[in-house]
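Reading through the C-alpha cells given below for one structure.
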Amino acid sequence: MDPSRTPETEPTPPEPATTPAGPEAAADAPARRIARRWPLISGALAVLLAFLLGALILLRGNGRPIEVDAEWMEEILEHRSPVWEVPALVMNFLGAGIAGVVVIPLLILVTLLVLRRPWAALYFLIATVASAGLVQLLKTLFGRARPEDMLITSDFGSFPSGHVANAATMVVALGIIFPRLWVWIAGAVYTVAMMVSRTYLGAHWLTDTIGGLMLGAGVAVVLWAPLAAKLDGENTIARRRAQRTKPPASASG
C-alpha cells in the first residue's frame, strides 16, 4: 500500500452500471424451461399432420373429395339459406383480402406496440407471415380443386384453407400473448365460425378447413418455443406496470 495515498485521496471506484432487466429476466422458471421441448414437438406434429392429411387426400383420390367431405357438403347444400349467407360472407371478408391480410394484422401489431409489447408484436408478425407462406406452399404442392358449388370467386388451390389457417394462427398467438380464458373462448368461436363459413360458401371441403386449423395452430405453437420466456416476461412486466398505475382503493369511512 502506498503511504502517500489516504482515504481522502483514494479514487472512488466507479459504481456498477445498472441496466434495466429485460423481459426474459422477468419470466418465471417454467416459461424459461418451455423453450425447446413440447411446443416444438406438438407444434411440429400439427404441421406434419396437416401435410399428411393433404398427402392422403391426394393419394386416395387425386384430390377429389373423400367420404366425409362429400357428406358434409351435401348437408351444407341442403341447409343453405339467405339468413346464413350474410354472416358467412362477413367471415369471408374478415379472413382474407385487405381486411384479413393487412388491416386486422396491422391493427393488432400497432396495439401491441402501443402496449409496449415489442416481442409479442414480433412473434405475431412472424407467425402470420410464416403461416401464410406455408399455406401457399401446400396449395401449390397438392393443387386440390375447390368444390363446384361455390358462392364466391376464389383462386385455385383448396387445401389447406388459408382463411382458417390465418384465423387459427391469430387466435393461438393472441391466446399466448394474452393468456386469458375469454381470449381462448372467443378465439375458438371465431375459428369454428370461419371453418363452417368456408364450407358453407363452397370455397373449401371440410378436410381443407381441418388442414388449415392444424397448420395455423401448429405454426403459432412452434414459433412460441424460442420466444416463450420473452413473451412471459413481457406479460409479467405489463402486470407490474398496471399495478403501479392502478389508483389506490379509497379507504372506507
Side-chain angles (χ1 to χ4, degrees), residues 31 34 38-40 42-47 49-50 53 84 86-115 117-135 160-201 203-204 206-228 230-232 234-236 238-239 242:
I34 265 176
W38 73 265
L40 282 177
S42 58
L45 181 60
V47 174
L49 287 174
L53 177 60
W84 300 112
V86 172
L89 290 173
V90 171
M91 297 303 294
N92 177 66
F93 173 77
L94 292 176
I98 296 298
V101 177
V102 178
V103 177
I104 295 176
L106 189 59
L107 286 174
I108 293 173
L109 286 172
V110 170
T111 301
L112 291 172
L113 292 174
V114 169
L115 294 174
R117 302 290 301 274
W119 284 107
L122 179 64
Y123 163 61
F124 182 84
L125 176 63
I126 295 174
T128 52
V129 171
S131 177
L134 281 175
V135 165
S161 167
H163 280 67
V164 176
N166 179 49
T169 302
M170 180 175 66
V171 164
V172 173
L174 290 177
I176 289 171
I177 294 169
F178 302 107
R180 300 288 186 273
L181 180 60
W182 71 266
V183 176
W184 286 105
I185 293 175
V189 171
Y190 177 79
T191 305
V192 171
M194 186 65 75
M195 295 174 72
V196 174
S197 72
R198 301 313 288 159
T199 57
Y200 180 86
L201 294 173
H204 287 284
L206 178 62
T207 48
D208 298 336
T209 65
I210 295 172
L213 174 65
M214 292 190 295
L215 179 67
V219 167
V221 172
V222 165
L223 294 175
W224 171 40
L227 297 174
K230 291 181 174 62
L231 295 175
D232 184 76
E234 278 190 341
N235 253 330
T236 301
R239 287 195 300 269

Taking the six-membered ring of Phe178, is the NZ or CZ of Arg117 close enough (under 6.0 Å from the centre) and on axis enough (within 45°)? yes
Between the main-chain N or O of Ala127 and the side-chain N or O of Ser131, is there a donor-acceptor pair closer than 3.5 Å? no
Looking at Asn235 and Ile177, would you say the former's side chain and the latter's main chain have a donor-acceptor pair under 3.5 Å? yes
Considering all heavy atoms of both residues, which atom of [X] and which atom of [Y] are nearest to each other, and what is their separation?
| X | Y | value |
| --- | --- | --- |
| Tyr200 | Ala88 | CD2-CB, 3.7 Å |
| Met195 | Val164 | CG-CG1, 3.6 Å |
| Pro105 | Ala99 | CD-O, 3.9 Å |
| Ser161 | His204 | CA-CE1, 3.4 Å |
| Phe124 | Ile108 | CZ-CD1, 3.6 Å |
| Ala168 | Gly212 | CB-O, 4.4 Å |

Do the side chains of [Y] and [X] get nearer than 4.5 Å, heavy atoms only?
| X | Y | value |
| --- | --- | --- |
| Tyr190 | Met170 | yes |
| Arg198 | Asn92 | yes |
| Val110 | Val114 | yes |

Working to the nearest 0.5 angstrom, can you tell me the gap between [X] [atom1] and [Y] [atom2]?
| X | Y | atom1 | atom2 | value |
| --- | --- | --- | --- | --- |
| Tyr123 | Thr128 | OH | OG1 | 10.0 Å |
| Leu223 | Leu125 | CG | CG | 11.0 Å |
| Thr169 | Ile126 | OG1 | CD1 | 13.0 Å |
| Trp119 | Leu227 | CH2 | CG | 6.5 Å |
| Leu174 | Arg180 | CG | CZ | 13.0 Å |

Pair Thr236-Asp232, side chain to side chain contact (heavy atoms under 4.5 Å, CB included): steps then yes or no: CA-CA 6 Å; Thr236 301; Asp232 184 76; 4.0 Å; yes
Applying the side-chain contact (heavy atoms from CB on, under 4.5 Å) test to Thr209, which of Thr207, Leu206, Leu213 qualifies? Leu206
Any chance CH2 of Trp84 has more than 12 other-residue heavy atoms, nucleotides or ligands included, within less than 6.0 Å? no
